[in-house]
Structure formats: structure tokens, C-alpha cells
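It should be emphasised that the depicted structure is a prediction, and the values quoted were computed from it without experimental measurement. Letters A, B, ... mirror the listed sequences (proteins, then strands); counts begin at 1.
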Amino acid sequence: MKKEFSQKIGFSFISLCMFLTVLFLFSIIFFIVVNGIRVISWEFLTQMPKEAMTAGGIAPAIVGTFYLTLGSIIFSLPLGIACAIYLCEYSPKSYVVNIIRFSINNLAGVPSVVFGLFGLTIFVKYLGFGVSILSGSLTLAILVLPLIISASNEAILAVPQSLREASLSLGATKWQTIKKVVLPTALPGILTGIILSIGRTAGETAPILFTAAVFYLKGYPKSIFSEVMALPYHIYALMTEGLYPDKQVKIAFGCALILLFLVLLFSSVAIYLRNKHKNIYGYGN
Amino acid sequence: MDMGTKEICKVSYFDSIKIRAEDINFFYGKKHALKDINLNILKNQVTAIIGPSGCGKTTFIRILNRMHELIPDALLTGRIFLDGQDILSSCIDPTEVRRRVGMVFQKPNPFPKSIFENVSYGLKVNGIRDKNFIEDKVVEALKKSALWDEVKDRLDDNALKLSGGQQQRLCIARCLAVKPEVILFDEPCASLDPISTAKIEELIVELKKNYTIIIVTHNMQQAARVSDYTAFFLLGELIEFGRTGDIFKSPQDKRTEDYITGRFG
Ligand SMILES: Nc1ncnc2c1ncn2[C@@H]1O[C@H](COP(=O)(O)OP(=O)(O)OP(=O)(O)O)[C@@H](O)[C@H]1O
Ligand SMILES: [Mg+2]
């Protein structure tokens, strides 16, 4: 009797926690949708801002976020995967490697504004890339590198040793084994990590604050050395600057909705891919 | 140990030696897993390796195609000759050794690729590009491993959709496709039902015409059914080696007798 009673209490408590969590999540989404949906229109998505940010669209910010995200993935992907391969397959199990792993994990916990300052010092100033897509992408790339490394790392470690042995026992070299068996098998897991990190990059504000983003730009960026507008920074700017807060807040919610939509879209794709491959392969993620 | 040597001298009169293990000692860190193993494996014969769990059977056969090199902190002394050539020597390419000495593992481990890609994998990594040649070899290997009839209509299906027994025969086909000279089977039927087991046993007997076969097994009947020679390992030592009939009918060592009659192990 007593056991059943405490089980009931425990279960109710867990349900309550779950309910609260879901409630928070949905109220955030609900709040943003309700406030943002009114400004969303085709023009909002495709036109330039007008009348000192109080009308028109947010197209350059969407495009800017796209460039920055794409750029960061281009830089971080090869580096991250190569690094994970080295750590999993080549590095001797030594003290030094443990330190490297430890550092990478710690890098993931560094506040993003610190990456912003780093990017400002190194890319913008020292290397002279200026406030530009290039500087912003590189900064974001460093930010997501730990994510990509640890996702790839896990995916590679999840590839059963028996597959490596099977490959080697057929006369394959280590490199062939990695290229033809380990990486393809780990791919769904790696992809998931990448897509999640795309979501993360798209929403980051602090790293691009000093390295890439500007409040307003006439026209679209022309090269990787151009400054850009970006969704998260645009929201920040609309809420903190300008002369018409009332009108700006509405647009800010519109931006937030678009950003939220993009991030959710990326996450859903990641989850879809992961599940799909889990079903076929049974392992490898 | 004496037994082994005596038997080797006797049999080498009428059979030729494919693999010769000389004074093999193997250590996992401090653990002495194989002790002074001397053993000859004869060409076109099936040699069964039996012994209680943990006696070093897997360790021994993995040395024969240099798979032991994947283990960190392992130490090996002694020599392995394949057709008279010392394959442990550092000037020999391990991938070449592994192509000549194939291996089928205890648990089926097909790649998460299509059936066709599984079988063609070994050919491709060994530099063969000719599509028609590869196709022929894949069909041939699948036929030899008695899997062809079951998969001929679905070569593009993922190999993981096959049953455990089919997967194991696929792994055998994958191994056969690269035309090894020796095939090492590490308890190939451990996770299979009696029907799949019977199929694989038939296959092993069939394969012996063209290959030299070593099979690790915990199943005494299986050893008796498929093998020509049997080696009995205990705690890292080779206790007895001889013709399977002799070992099962009149074992020379008390420990061998105890093991095969099921008194311990
Ligand atoms: N990677 C390893 N590191 C350390 N010790 C190991 C390792 N692999 C095996 N051993 C030890 O070496 C001994 C021989 O192991 P091995 O796997 O060769 O036994 P086996 O005869 O194949 O046993 P089984 O019949 O259970 O497969 C065992 O005592 C085992 O604990
Ligand atoms: Mg074993």
C-alpha cells in the first residue's frame, strides 16, 4: 500500500515537472507567434527596411544570417570532422590527448561574447578582415567547432569496432577503413550535430556584434568583406535603438518569429535524419 | 607440447604446411595470454581450435592475420610463417597478409551497406576497378557461400535486413570474394540457429577443397564433424594437437580428455 502510494506521488511529481517544461516552451512559442504573426507578409520577407526601420521588410537580415551561417559551416565542418577523426582513430591514448579533449569540452562552455571579443581582436583587427562576413563567419565557426567535434566524436565512437575489424581483415588500410566504413556509418550522427549547430549559429548575437553585424545597410552585402545585417542582431537593434519603439517592437517580434521558425526547421530536419538512419542502420548515430 | 611436435613431424609427411607458428608468446599488458605455442596448420585441411573460454583461441587466430596489432599495449614474440615467409616481419605489409588470410568473426558484422557493396568491398579496397569483373566475383562468392538463391533479387537491399544466419554467410561471401588462401573462423556459428549452423558447416567442408581453414569452436560435435585436425588450448598453452579422430577417440593428455568429455570447461 505504502509503496504504491509513494510511487503515485513520484509519478505525479515527474508529470508535473514535465508539464511545466512543456508549458514554458509552448508559452514562449505562443507569445512570439501571437506578437509576430501580424507583421509577416511576403513584403516583410523580401523587401528592404524602410522609413528608419519602422516599415518595409527584413530581407537583408535574413540573407545576412544565411551567409554567416553558411560561412561558419564551411570553415568549421572540415576542421571539426578532421579533428574528431584524429582524436578517435589516430591519436595515441595519451595524457596530451586527454588534455586536448578536455580543452575542447571546455571551449563549448565559454560564453559567446568572449568569442566575439576574440574575433574582434584577431579577425577584425589583427588580420585586418574588418567588420565583415568573413570575420563573423570565422568567429561563429570557432564557436560551433566544439559542438561539431563532439557530435562527430560521438558518432565515430559509436561505430562498432567490429566494422573496422571487418574492413581491415579484408586487406583495407586504416585510411580506406575510415573513409569507406567509419565515416559513412557515422554520417547520420555527424549530420545531426552539424544541423543542430547551424541552429545555434543562426541565433547567436554576441559573436557577430563586433565582428560582422550592422544595424542598417543600404542593399545587400557585395563580398565576404562586406558588413551584413543579421536576424538576431536586428532584433537587438530594434529593441535598443531607434526613435519609434512602438513600431520597432512589432518588427522585432516578426524577426524573432522568423528566426524561431528557421531554428525549429533545422532541428526538425536533424531529428528526421537521425531517426531515418537509426531505423535503417540500427547503429551509427 | 611434446605431443604437438611429434604429431607435426608425423603428419607433415603427407600434408604440406600452410602456416607454421613458432614459439608464440603473447601478452596483453602483463597478462601472458599465449605461452610457447608451436603449431602447424596444414594446407587444404580444416583445423579446429578448442578449449575453455579465455584460453587464448581468439588471441591465437588473430595473430595469424596480424589483427592483434589493433590492440594497444600488446606484445608478441615468436614467428608465424605463411608458405615459409615470416609474416610478422616489419617489411611485410599487414594489409597484404590480411588479404591472404581472411577472417570471419564470431558475431556477423556486415557493413551497413547494400549486399552487393558488402561483397564487393574487399575487391574495391584492393584496387580492382573493372565493374564486370567485380560483378562476376560478387556472384561467384555469394554462390559459394550458399546465399545466392536467397538474395539474388535484392542485392541492393541493406545487408542489415538479412537474418543473422544470412548475415554470417554474407560475411563469408565477403571474405571469399578477395580470394584468401586461409580463412579463420572465430566461432562462426555462436549466434546462429541449428539450420544456419548446418549450412555453414556444410560450407566449411566444401571450402576446404580450395582453402586452408581454421575454426575456433566451443561445440565438440562441430569440431568432430567439420575438422581434420584439432588443437586443444588450455590457459594459453597448446595441450594437444592431432588428427581430430585421434583426439576425440584417444586423447593422450588427461586434460584433453576431461575437456572433450565435458568434465570441465
Ligand atoms: N584486449 C584484451 N586486453 C586484455 N586482456 C585480454 C584482451 N583480450 C583478451 N584478453 C585476455 O586474454 C585471454 C585470452 O582471451 P581470448 O579472447 O583469446 O580467449 P578465447 O579462448 O577466445 O575465449 P572465448 O572462448 O571466450 O572466446 C583471456 O584471459 C582474456 O581475458
Ligand atoms: Mg574467443
Rounded to the nearest 0.5 Å, the CG atom of B/D130 sits from the CD atom of B/E135 at a distance of 10.0 Å
If you tally heavy-atom pairs under 4.5 Å between each of A/Q176, A/R164, A/Q161 and chain B, the highest tally belongs to A/Q176
Does any heavy atom of chain A fall under 4.5 Å from the side chain of B/R62, the backbone, both, or neither of them?
side chain
Does the side chain of A/P184 reach to within under 4.5 Å of the side chain of B/F111, using non-hydrogen atoms?
no
Could you check whether any side-chain heavy atom of B/L39 comes within less than 4.5 Å of a side-chain heavy atom of B/R20, counting everything from C-beta outward?
no
Which atoms of A/K174 come close to chain B, meaning under 4.5 Å heavy atom to heavy atom: side chain ones, backbone ones, both, or neither?
neither
Identify which part of B/M67 has an atom lying under 4.5 Å from any heavy atom of chain A, answering side chain, backbone, both or neither.
side chain
Shortest non-hydrogen contact between B/L147 and B/Q166, atoms and distance:
CD2-O, 3.7 Å
If you tally heavy-atom pairs under 4.5 Å between each of B/L70, B/D93, B/T95 and chain A, the highest tally belongs to B/T95
Looking only at A/T177, A/L168, A/T173, the option with the highest number of non-hydrogen pairs under 4.5 Å against chain B is A/L168
Would you check if B/H218 and B/I50 make a side-chain contact, meaning some heavy-atom pair closer than 4.5 Å?
no
